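Step one of this worksheet: look at the structure below.
Just so we're on the same page: letters track the sequence lines, and every chain starts at 1. All values reported here derive from a predicted model rather than from experimental measurement.
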Number of protein chains: 2
Amino acid sequence: MDQQFTMTDDILKRNKLSVTDGRKKILGLFLARDGALAHADIEKFTGEMFDRVTVYRTLQTFVEKGIVHLIPTTDNSILYALCKENCEEGHHHDNHVHFICDVCTKTICLDDVTIPKVKLPKGFTPNHSEMMVNGVCSDCK
Amino acid sequence: MDQQFTMTDDILKRNKLSVTDGRKKILGLFLARDGALAHADIEKFTGEMFDRVTVYRTLQTFVEKGIVHLIPTTDNSILYALCKENCEEGHHHDNHVHFICDVCTKTICLDDVTIPKVKLPKGFTPNHSEMMVNGVCSDCK
DNA sequence: ACTAAATTTGCAATAATGTTGCAACTTTTA
DNA sequence: TAAAAGTTGCAACATTATTGCAAATTTAGT
């Protein structure tokens, strides 16, 4: 836990962000979890600790700094995730598949599974890809 | 347009839905477009014609019946799309890539581009996949 | 074509979610 | 340790989504 204190501080400092309780706590939640989190999840965990607005702004800041990345969803929620491997470097979060478990509903970054390229129709130029697979994760197997 | 009248009617009847003005209009919007639509888009097109609630319920009904399918997004909106090929059969909408144009922001179903399979880590069982590519579409090229 | 049954719609109320400006407070810098 | 920079919480507001219910519309049976 002392370990994690300095880990959150380091990540924040590396990204030139002031080290505040809210940011440490929220970053800690991501570090303590393998899955992705939605705004609502974070509110649940932090309770009355911080204002809703602070949570919104913290998540937005983390996205801007590349500390967390967005995961597409089909319900209208925004999912945020910290990548296992690369978050400490703060870049290149982009090429992995996301897995959504149908049992525990967690969303997990499969950092080692690269999104394959596809052949697009004439006239289409690709720039970036996202891929999500759902099914049963290794914990729920 | 007479053509399209009966087309919407047919799709609705095939799915055992009452043929109403709202459903015909909204289905017509999808048929008239290549791209996907969000609730907000539909409201823009229909104006004061129908209640917001009706639009919500219509879209939900269409999803349940498999007339339209959902497309994942990273902002918190829900995108709905009718597939070019398969919608008349009302099933198997599931295996194609979605393309989001960075210029016109339209989301397009690439019905002919199949989502490739990926090798998952040990313990993960796949069930269904989604893939989105963004870049520049053939119209904006 | 007419009526009863089934379905759908609109309204009103309510809930949930997200945004903005600003003053007070905290963190950083030097 | 004080000034500057950055962050937070509050309040107000805006947007988006959901529910129950009565009125209206559509469908099915005759």
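- When each of M49(A) and Q60(B) is assigned the nucleotide of DNA chain D with its nearest heavy atom, M49(A) is the one assigned upstream, toward the 5' end.
- Contact annotation for R23(A): backbone-only contact, meaning every heavy-atom pair under 4.0 Å involves sugar-phosphate atoms and none involves a base.
- For the OP1/OP2 pair of dT16(D) and a distance below 4.0 Å, the side-chain nitrogens and oxygens of N76(A) include no atom meeting the criterion.
- R52(A) contributes no side-chain N or O that forms a donor-acceptor pair with the base of dG9(D) under 3.5 Å.
- Among dA12(C), dT8(D), dG18(C), the nucleotide with an atom closest to any side-chain atom of V53(B) is dA12(C).
- Ring geometry for H39(B) against Y56(B) counts as parallel: the plane angle stays under 30°, on a 0 to 90° scale with 60° as the upper cut.
- Remark: C1' of dC11(C) and CD of E48(B) are 14 Å apart, rounded to the nearest angstrom.
- Heavy atoms only, all atoms of each residue included: P126(B) and V133(A) are closest at CB-CG1, 3.8 Å.
- With V19(A) as the fixed residue, the side chain to side chain contact (heavy atoms under 4.5 Å, CB included) test singles out one of I11(A), L12(A), D10(A), L27(A): L12(A).
- Taking atom NE2 of H39(B) as the reference point, atom C1' of dT17(C) lies 15 Å away to the nearest angstrom.
- For the residue pair D41(A) and A36(A), the shortest heavy atom distance occurs at OD2-O, 4.5 Å.
- When the C1' atom of dT7(D) is taken as reference, atom CG of L12(A) falls 12 Å away, rounded to whole Å.
- Residue T58(B) places its side chain closer to dT9(C) than to any other of dT9(C), dT19(C), dT20(C).
- Rounded to a whole Å, the CG atom of L59(B) is 14 Å from the P atom of dT16(D).
- The nearest whole Å value for the distance from the OH atom in Y56(A) to the C1' atom in dA12(D) is 15 Å.
- dT8(C) atom P lies 15 Å from atom NZ of K24(B), rounded to whole Å.
- For the pair I115(A) and S129(A), the tightest heavy-atom approach, listed with the atom from each and the gap, is CD1-O, 3.4 Å.
- Ring orientation note: the planes of H69(A) and H98(A) are close to parallel, at an angle under 30° on the 30°/60° scale.
- The base of dG9(D) lies close enough to the side chain of R57(A) for a donor and an acceptor atom to sit less than 3.5 Å apart.
- We find that CD of E64(B) is positioned 14 Å from P of dT7(C), with the value rounded to whole Å.
- D51(A) places its CG atom 15 Å from the P atom of dT26(C), with the value rounded to the nearest Å.
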For nucleotides 22-30 of chain D, print each protein N/O atom paired with a nucleotide N/O atom at under 3.5 Å, atom names and distance only.
{"unit_1": "dT27(D)", "atom_1": "OP1", "unit_2": "V19(B)", "atom_2": "N", "d": "2.8"}

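- Checked against the 6.0 Å centroid threshold, F99(A) and F124(B) count as a close aromatic pair.
- Between T54(A) and dG9(D) there is a side-chain polar atom (N or O) within less than 4.0 angstrom of OP1 or OP2.
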